[in-house]
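Just so it is clear, the model here is predicted, and its values are computed rather than measured. As the structure lists them, so they are numbered: ligands from 1, and atoms in each ligand from 1.
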Amino acid sequence: MAESLSTLRRLADIITQGVETMERVYGTAGMGLPELDHPFQREDPAEALREDPDIAGAVKNIMAAASQLMATVGDPVSMAINSAFAFHVPSCLRAASEINVVEILREGDPKGVRARDIAAPSGNDPDLVERILRLLATHHIFREVSPGVFANNRISSTLDKGKETATLFESREDRLDGTSGVAALVESAAENTFRASAFLADTLLHPTRGKLPCNLAFRTDEPWFKYMQRPENTYVRKRFAVAMKGTAATDSPEIILQGFRWGELPGGSIVVDVGGGIGHASMTIAQKHPTLRIVNQDLGPAVEQSRILFAAHDFFTPQPVKDAAVFLMRYVIHDWSNAQAISILTHLREAVTSTTKLVLLEKIVPSVAGDDLHHAIPGAARAQAAPPLLPNWGVASASTYMYDMTMHDLVGGVERTVNGFIEILKESGWKLAQIHHCPPSPLSHIVAIPV
Ligand SMILES: C[S@@+](CC[C@H](N)C(=O)[O-])C[C@H]1O[C@@H](n2cnc3c(N)ncnc32)[C@H](O)[C@@H]1O
């Protein structure tokens, strides 16, 4: 058999094996696989089963093999051109979310709602709304149940803001407050990151020191975080904060407890969550390990709440806590360039005791071609997919690479490889001592000690 045909068969076999694993695990648990056509129910025990390692492995293999199969059999010219036009997906998705389609469908007839009734509350053209939803339904986001009639499905329903449509239309300013953060993340990414990303090539063709795609897109010399502080960007800033909650929606909150052994720290040890934001990581640690003393530092005001001390601190200035057992940073270092990251880490290094540890929670970027698994660092080695799959499982790992470019385009940050972490840690007086991966999450605990 020609090589390409045998590859096709091997990819199809991977999918078959994955499906068999899913049938076996769901069958043994006496549960059905959640249906694509039905709205997502987070509390459904069948959703929790996705954490099962066999299911998580099967899902990765099926996604990687299915996308590789499509790339293999699809017309290459169409594949390239469709990739270039794929921007219509986020553009339509944001449009649907902005006019609260998900909530209109949730409140409407479960059998489906006509485009004219979906368009009416926002006063939009029903024909245009129908075309937007048709493009999305073609990508399995929403269902077109009969011509011009739409319903939510498993994917669209994750954007549900959980409020009455009347409330959502009443005040645009507050519509995202208190929501899961998924719609905020989608709208923020599909507006701000999307606009910034459109200027990536321009920054390569006309590189100007210090200018990021975001600076060209928003015609400002200010960094993104500063630009968001302008009074006219209040809505964008509020939405961004809610969107940060959305970034955690794909991970269990318990992930903070999975790697580094917080329970082995002596009672009374101080854990400083540097750049801890609203403190959800601090809160999870404090609840599970009540004898630890947690300090959550961020730019905001200082308060004491739920046994956590919220302290105002700029991490580009000397670290005031000099007796910490752990400096923790979740999703902070990826916001910064190497020079800035080294400055932040150096301030922490200057505040250590002989036993202080640094714990970074970040994604570690694998190469698509596979990595050298023989790093001297305990825990660094990670499973790789067997051929013919891409070693990094291709699109099943896409979010890591999407976040990497998001960091670059908006803030000049970077999702780092293992070597990237080794380098910035070494430059700031730390040594990477241990890595705990937390599959199926792409997040890892990176533990460093002072040298
Ligand atoms: C991506 S968020 C991560 C927040 C939190 N660690 C989490 O996992 O949700 C980055 C955080 O860094 C904070 N930050 C940005 N610049 C800072 C600075 N100079 N000093 C302290 N915190 C800063 C932001 O306010 C934000 O809360």
Cation-aromatic face contact R172/Y235, 6.0 Å, 45 degrees: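 Yes, R172 lies over the aromatic ring of Y235.
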Among E107, E103, E170, side chain to side chain donor-acceptor pair (under 3.5 Å) partner for T165: E107
Single hit among Y331, Y401, Y403 for side chain to side chain donor-acceptor pair (under 3.5 Å) with K363: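 Output: one option passes, namely Y331.
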Test item: H206 side-chain N/O and A201 main-chain N/O as donor-acceptor pair under 3.5 Å: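 Absent.
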Under 3.5 Å: donor-acceptor pair, side chain of H313, backbone of D298: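 Not at all, since once roles are kept as given, no pair shorter than 3.5 Å links the two residues.
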Centroid separation F421 to W430 less than 6.0 Å: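 They do not qualify: ring centres at least 6.0 Å apart.
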Proximal protein residues to ligand 1, non-hydrogen atoms under 4.0 angstrom: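 The answer is M244, G275, G276, G277, H280, D298, L299, H313, D314, F315, F316, R330, Y331, D335, W336, counting any residue whose heavy atom sits under 4.0 Å from ligand 1.
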